[in-house]
Amino acid sequence: MIKSLLIANRGEIACRIIRTARQMGIRTVAVYSDADAKALHVRQADEAVHIGPSPACESYLVGDKIIAAAKATGAEAIHPGYGFLSENAAFAQSVIDAGLVWVGPKPASIEAMGLKDAAKQLMAAAGVPVTPGYMGANQDPGFLAQQAAEIGYPVLIKAVAGGGGKGMRLVESAADFADALASCQREAAASFGNAHVLIEKYIQRPRHIEVQVFGDSHGNVVHLFERDCSLQRRHQKVIEEAPAPGMDEATRAELCAAAVRAAKAVDYIGAGTIEFIADASEGLRADRIWFMEMNTRLQVEHPVTEEITGVDLVEWQLRVASGEPLPLKQDEMSINGWAMEARLYAEDPAKGFLPSVGKLAHFYLHDEIRVETGVEEADEISPFYDPMIAKLIAHGQSRDEVRKELMRSLSKSFVAPVRTNSGFLYACLDNAEFSEGNVTTGLIAASGDALMPPSFPSKAAVDRAAATFLEADFAFDTLPAVTLPSGLRAFRLNAKPWRTIAMETRGEKVLGDADATVGAFRLSGPFHTALSDHEVAVTERGESFIFEAPPRQAGTGHHSAHDGDILSSMPGKVIAVEVSAGQAVAKGQKLLTLEAMKMEHTLTAPFDGVVAELNAAPGAQVQVEALLARIEAAE
Ligand code: ADP
Ligand code: ADP
Ligand code: MG
């Protein structure tokens, strides 16, 4: 067994690999870029090596630096995780040439499956049914158009070197073919350095079903059953599960046997996934499931397979890489219950799923179920890498049970101010088609705004926040009734200190009726927690809201210490400064403009006063919560 392992990755997968390696008594070495100097995987590993600047192409994707780090620390083996260099045959070969153990398949197997056209030809020859289409060398636009017509519309144009859901074009009719082809080839050349495409029949009512396979260096290959990853957004997986809903034993046996044949055809060693596309218009039928591609690495969604089989796939990877045979034979494995995984991304559904970066001031994931994450509270989400920050995995006896378990977990989690897709995941899990197991890859696109999380809390959530303020001995109860800046009033009653509390969430004023609900919510209702004496967090349907009580002395003309602090709400660039230090300003006057995430934000004076401090110059890059200016109230 290897005694030390370098993990050539970051984030949740690096942490996941470190955990198993540690359990096996293997010393772990992390690598990190500038942005990741304080990242969780660095903190968790026994040792860590800095390998360069933040952009992945100058650090995590530089094979030589990673091999040098392994040499310098005496690591015996390299685990690539997923993404980055994991499917790079040349890197795998250099690892081997450097005398290190590569935790993955032979470079030749990676190579054989690397291009989708060659892989399909190979699979067809091995007797694995492949998606009908053209996968040859002729790239003449007229010829490809003729092939598309023969296949029959709709067709899918795919970059042979594509991945991650990129480099694909759905074409509905012949009239659109030429333009779609040209744009797909341009994207393929720019993103993958290879303009070659293949044409596939676009499968109707498509379901993405994949089979986990595993091979060892003694010639054994087994499968660990299927996963269903049909819930996708723009060809990217959102929620995955195992087994696949509606899969009968005979179909499963045929599908898994085809996957094992596929792996054997490329002499496969280690963990791999054979991805299939199924036409589910008449349920799952073996003659309507076709090979799509093979991922020659550990998959993001591997935990659902681990949950239903009880196998630690990373442990198997390390054993197999050390030359051991597979720990279990095919007939020693079976499916136990159901497992489902939801991918939590730092992104904002309300802004077209744009990545959301900044400090994870609050990061609490309900951990009664399995959580795989690469971050902790107070960590920084940088703009440099994939925004997936955690995976929530539920395992139970039935599909409905794990679906509800995931929903419960999302509603008891809280992440802020970084935005996440948590409310969107909740809505997907709650969707009627999804809960019936009636999922095709088009479900999310067809649902439109129905899956968008609520942009505003319900009355119940607002009341819950108001009640929490009261329970937490909110500072207001020592004050007389106050008039809030907007003219709202908070009332003092005899029995209860406050009946109605004015609060703000996401910049909007809301009124909560604490008196009516303080008892009713004690045992149930939205997840809530007091963050401070003036902030309460409530999570509703997976969506997190922060309520801020108005400033303690608002309306009295006095401003407390930090009311005049002008902070940047996101990392960004100062594009205009309208005032100078010492200048008198009126409430609402423009102070400066910030550009963040391709949007402009104007910051204004919160009250009449003078610019006591100014730390912003046009063109300057600023961090989240940087103090840009400070306004001192006029006497
Ligand atoms: P998977 O099925 O493993 O998600 P896909 O074929 O859907 O893989 O493509 C997603 C790609 O994005 C994969 O190559 C995966 O390695 C990469 N990826 C996803 N999340 C991350 C992450 N957090 N860090 C690095 N790469 C990632
Ligand atoms: P990638 O390498 O980007 O993962 P895949 O070939 O695995 O590319 O396809 C990604 C997704 O695109 C699939 O999961 C499926 O949702 C959709 N897709 C791919 N091929 C087809 C097809 N022939 N018909 C319908 N949908 C398809
Ligand atoms: Mg794929």
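As the structure lists them, so they are numbered: ligands from 1, and atoms in each ligand from 1. What's counted below: heavy atoms across the whole structure, side chains too, no hydrogens, waters or symmetry copies.
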Need the ligand 2 atom indices (1-based, order shown) with element for anything under 4.0 Å from a heavy-atom of [X].
X: Q232; result: 11 (C), 13 (C), 14 (O), 15 (C), 16 (O)
X: G162; result: 2 (O)
X: G165; result: 1 (P), 3 (O)
X: L156; result: 18 (N), 19 (C), 20 (N), 21 (C), 22 (C), 27 (C)
X: K201; result: 22 (C), 23 (N), 24 (N)
X: T441; result: 16 (O)
X: H208; result: 13 (C), 14 (O)
X: T131; result: 23 (N)

Exercise for the section: Indicate yes or no: does K65 engage E58 in a salt bridge with an N to O separation below 4.0 Å. Expected result: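 Between E58 and K65 there is no salt bridge, as every charged N stays at least 4.0 Å from the carboxylate O atoms.
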Exercise for the section: Flag the pair R16 and E306 as a salt bridge only when some basic side-chain nitrogen lies within less than 4.0 angstrom of an acidic carboxylate oxygen. Expected result: yes
Exercise for the section: Answer yes or no: is there a donor N or O on one side and an acceptor on the other, between the side chain of N9 and the main chain of P80, under 3.5 Å? Expected result: yes
Exercise for the section: Sorted by first residue and then second, give each ring pair (Phe, Tyr, Trp, His ring centres under 6.0 Å) pair with at least one member in residues 111-164; sequence neighbours left out. Expected result: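 Matches after skipping sequence neighbours: Y134-F143.
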Exercise for the section: Would you mind finding which of D279, I277, L170 brings a heavy atom closest to atom 27 (C) of ligand 2? Expected result: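 Looking at heavy atoms only, I277 sits closest to atom 27 (C) of ligand 2.
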Handout entry: Option of least heavy-atom distance to atom 19 (C) of ligand 2 (set: M292, Q204, E210, K120)
Key = M292
Practice task
Begin from the C-alpha positions of V95 and I67 and carry the test side chain to side chain contact (heavy atoms under 4.5 Å, CB included) through to its verdict.
Solution key: CA-CA 7 Å; V95 170; I67 292 172; 4.1 Å; yes
Exercise for the section: Compute the shortest N/O to N/O distance between G164 and ligand 2 and return yes if it is under 3.5 Å, no if not. Expected result: yes
Exercise for the section: Looking only at distances, please establish whether an N/O atom of ligand 2 is found under 3.5 Å from an N/O atom of E293. Expected result: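 Between E293 and ligand 2, an N or O pair is found under 3.5 Å apart.
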Practice task
If you have a sec, read the angle at the Mg ion (ligand 3) from E293 atom OE2 over to E275 atom OE1, to 10 degrees.
Solution key: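 Reported to 10°, the angle equals 90°.
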Completion exercise
Partner of Y60 under ring pair (Phe, Tyr, Trp, His ring centres under 6.0 Å), picked from Y32, F84, F91, is F84
Practice task
Scan side-chain atoms only and decide if D279 and S281 contain a donor-acceptor pair under the 3.5 Å cut-off.
Solution key: yes
Problem - CG/D176: more than 12 non-hydrogen atoms of other groups inside 6.0 Å - result: yes
Handout entry: K116 touching ligand 2 at heavy-atom level, < 4.0 angstrom
Key =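 Distance cut 4.0 Å: K116 passes for ligand 2.
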Problem - ring-ring contact (aromatic ring centres under 6.0 Å, His included) involving F225 - partner list, sequence neighbours excluded - result: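 ring-ring contact (aromatic ring centres under 6.0 Å, His included) list for F225, sorted by chain: H223.
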